[in-house]
Amino acid sequence: MKKKTIILAAVILSLGCIGTLQAFTALEKEEPQEIRGIIVDEHDSLWYETQQHLWLQKAKDDPTDEHAWQQAFEAARYVDMFAEQYGRTDHKQAILDQMKANIPNSFTYNICMYMTELAERDGDTEPYAKRALQLMPDNIARKDAEVLVAYLWMTGKTFAATDEQKQLKRFAQTLYQTNAYPSYLLRYTYNSLQGMEENAIYFVNGDLPGYTSLVLQEAMGLHTDKAVVPVSFLFVETYRKALCKSLGIADFEGKKDYTSMDEYFQEILEHIIAKSKRPAYFFPSGSYPETDSFKKNLYNEGLAFRYSTRRYDNISVAKRNVEERYDLNYLTEPKFVCEEQWKGSERVKLNYMVMLAPVVKAYKESGDTLHANQLARQLSTAVVNTSLSDDEKTEYINLLGSSKK
C-alpha cells in the first residue's frame, strides 16, 4: 500500500509576529505575570517585552530576589527568540551582568549562564551546569529541571550506571510526582511508544516527546526497552559516541564535506539505523531530514513514522495499533479532575487526527463501519476539545472526509 502524504499539526505553536516596541507607560503599577514557557502559554513578543520590564522593576526593588531575575531573563530570552536572536544578546547580557553583581553565587545566575553559553556555542558550559546542580533548590521549577535534564542527557553519561544517570532518574521521578506535565501529554507519548516494536529507536524533536518519554521510562518503568534519542543531541560528539556504544555499533565518522546540514543529518541517522539493525521510528514533526531520499522511506504507522527501505502495508499496522495497542478512550472521556490544558501544547491532540484520518478512510473502504465510526468519533472529540476557532476545528475534522492514499 502506498504511503500517505501528510501535513502534520504543529505540536508547539508558531511564535507569531514580533510586536512593535511601545512605551511602558504606568507599567510600574502592574504586577508581573509568571513566564511559564511557550509549551504552556501563548503570548506575543510585546507581552514578553512588557513582562521583562515589570520583572526587572521587581528585581531592582529587591536585588537579592532570584525569582525576579530569573523571570526577567526568561522574558528577555523569548523576546530574542521572536527576533531569531540567540546566545549573548544585548537583552540577556544586561540582565546577566546585573545578576553577576547582585547574585553571583546563586542557582539562578549559573543556570541562566549555562543556557546562554549553550546557545552561544563557543563557551564552556559545563562549569555553570555543575554549579547549578550543586545549588539546586528543593522546589526546582519544571523549566529549570528540564534544562538540567537536557544537560545530563546530552553528556552521554546516562547510558550506564553513573551518578549522572541517578540524577536523571531523580529528576524524572520528581517531574512525575509533582504532576509537571498534564496527563494527556503523557498519554500521547505512551500511545506513540506503545505502537512500536520491541527495542526500537525513537528519534524525537522538542520538549514534548523527549521529557515525557523520559518520565514514562525512568519514573514509571514503561517502555524501557526503547532508545529515545533527541535528534539535536546527535550533533554533540560525546552524546553520539555514547549512544553508538550503548547500541553496540561504531561511531559515525562521516566524510569531510557535505552540501547541507540535512545531508549530514541523514547520514548519521542511516548509519545508526543500518548498523544497529533496530526498528527505527520518528516523531511526526522535525525529527528527520527534509530530503526526498530520506522521507520516501518513512511510513505512517499511526502516531509515528517508521523507517523502512522496503515497501509494506503500513495501514494494516496502523489498524493493529488502533485496535490493540493504543488507548484512545481518554479522548472522549469526561474530565474527572480539574487539570490544566496547556495552550502551547494542546494541539498535540491534532496529530491524532492528522496521522489517523487515513486509517478511518481505510476502515470505510473495507466496509468496517464499526471501527471507522468509533475512531472518527475519538478523533473528532480530540479536535473539538481544543481551543481552536470553529473554522480551524472544521478544517481538521474535514480530514476525515478527504484523506488521500
Using a cut-off of 6.0 Å, state whether more than 12 heavy atoms not belonging to [X] lie near its atom [atom1].
{"X": "N329", "atom1": "CG", "answer": "yes"}
{"X": "Y176", "atom1": "OH", "answer": "no"}
{"X": "K393", "atom1": "NZ", "answer": "yes"}
{"X": "D327", "atom1": "CG", "answer": "yes"}

Within the structure provided, determine whether [X] and [Y] are in side-chain contact (heavy-atom separation under 4.5 Å).
{"X": "P32", "Y": "Q71", "answer": "no"}
{"X": "R278", "Y": "I249", "answer": "no"}
{"X": "E34", "Y": "W55", "answer": "yes"}
{"X": "R377", "Y": "N373", "answer": "no"}
{"X": "F265", "Y": "T291", "answer": "no"}
{"X": "N191", "Y": "Y330", "answer": "yes"}
{"X": "Y258", "Y": "Q266", "answer": "no"}
{"X": "T381", "Y": "Y352", "answer": "no"}

Under the salt bridge (charged side-chain N to carboxylate O under 4.0 Å, His left out) test, which residues partner [X], sequence neighbours left out?
{"X": "E218", "result": "K169"}
{"X": "D41", "result": "R36"}
{"X": "K277", "result": "none"}
{"X": "E117", "result": "R88"}

- Show the numbers, then the answer: is there a side chain to side chain contact (heavy atoms under 4.5 Å, CB included) between R142 and V40? CA-CA 11 Å; R142 173 190 56 82; V40 180; 3.4 Å; yes
Nearest 0.5 angstrom please: [X] [atom1] to [Y] [atom2], how far?
{"X": "Y86", "Y": "L118", "atom1": "OH", "atom2": "CG", "value": "13.0 Å"}
{"X": "R306", "Y": "N314", "atom1": "CZ", "atom2": "CG", "value": "11.0 Å"}
{"X": "L208", "Y": "F283", "atom1": "CG", "atom2": "CZ", "value": "5.0 Å"}
{"X": "I103", "Y": "C112", "atom1": "CD1", "atom2": "SG", "value": "7.5 Å"}

Taking [Y]'s backbone N and O only, do any of them form a donor-acceptor pair with [X]'s side chain (distance below 3.5 Å, no angle check)?
{"X": "Q217", "Y": "K226", "answer": "yes"}
{"X": "Y326", "Y": "L303", "answer": "yes"}
{"X": "K92", "Y": "G87", "answer": "yes"}

- Task: May I have the step-by-step check of side chain to side chain contact (heavy atoms under 4.5 Å, CB included) for Y151 and V147, ending in yes or no?
- Result: CA-CA 6 Å; Y151 160 72; V147 170; 5.9 Å; no
- Message: So, applying ring-ring contact (aromatic ring centres under 6.0 Å, His included) with Y307, which one of Y299, F294, Y312, Y281 is it?
- Response: F294
Using a 3.5 Å cut-off and no angle test, enumerate the donor-acceptor pairs between side-chain atoms of residues 194-206 and protein atoms at least two apart in sequence or in another chain.
from, atom 1, to, atom 2, distance (Å)
Q194, OE1, Y190, OH, 3.3
Q194, OE1, H223, NE2, 2.8
E197, OE2, R320, NH1, 3.3

- Task: Give me the ring orientation class for F305 and Y288: parallel if the planes are under 30° apart, tilted from 30 to 60°, perpendicular past 60°.
- Result: perpendicular
- Query: Yes or no on salt bridge (charged side-chain N to carboxylate O under 4.0 Å, His left out) for K143 and E146, after CA distance, side-chain angles and deciding distance?
  - Reply: CA-CA 5 Å; K143 290 183 296 178; E146 288 174 347; over 6 Å; no
- Task: Apply side chain to side chain donor-acceptor pair (under 3.5 Å) to E263 and S260, showing your working.
- Result: CA-CA 5 Å; E263 182 190 4; S260 68; 4.8 Å; no
- Correct closest heavy-atom pair for L379 and A357 would be CD1-N, 4.0 Å
- Is the shortest distance from a Lys or Arg side-chain nitrogen in K58 or D65 to a carboxylate oxygen in the other one below 4.0 Å? no
- Message: One pair to check against side chain to side chain donor-acceptor pair (under 3.5 Å): D61 and Q57. What are the steps and the verdict?
- Response: CA-CA 6 Å; D61 291 342; Q57 283 295 123; 5.0 Å; no
- Task: Could you give me the CA-CA distance, side-chain angles and deciding distance for Q167 and R170, then say whether side chain to side chain donor-acceptor pair (under 3.5 Å) is met?
- Result: CA-CA 5 Å; Q167 287 179 311; R170 282 197 295 270; 5.6 Å; no
- Item | Criterion side chain to side chain contact (heavy atoms under 4.5 Å, CB included) on F171 and M136, from CA distance to verdict | CA-CA 11 Å; F171 271 122; M136 185 175 60; 3.2 Å; yes
- Sequence neighbours left out, what pairs pass side-chain hydrogen bond (donor to acceptor under 3.5 Å, both in side chains) with at least one residue falling in residues 228-245? E237-K241, R240-D251
- Query: Does the pair Q51 and H43 meet the rule for a side chain to side chain contact (heavy atoms under 4.5 Å, CB included), with working shown?
  - Reply: CA-CA 11 Å; Q51 296 310 312; H43 298 290; over 6 Å; no
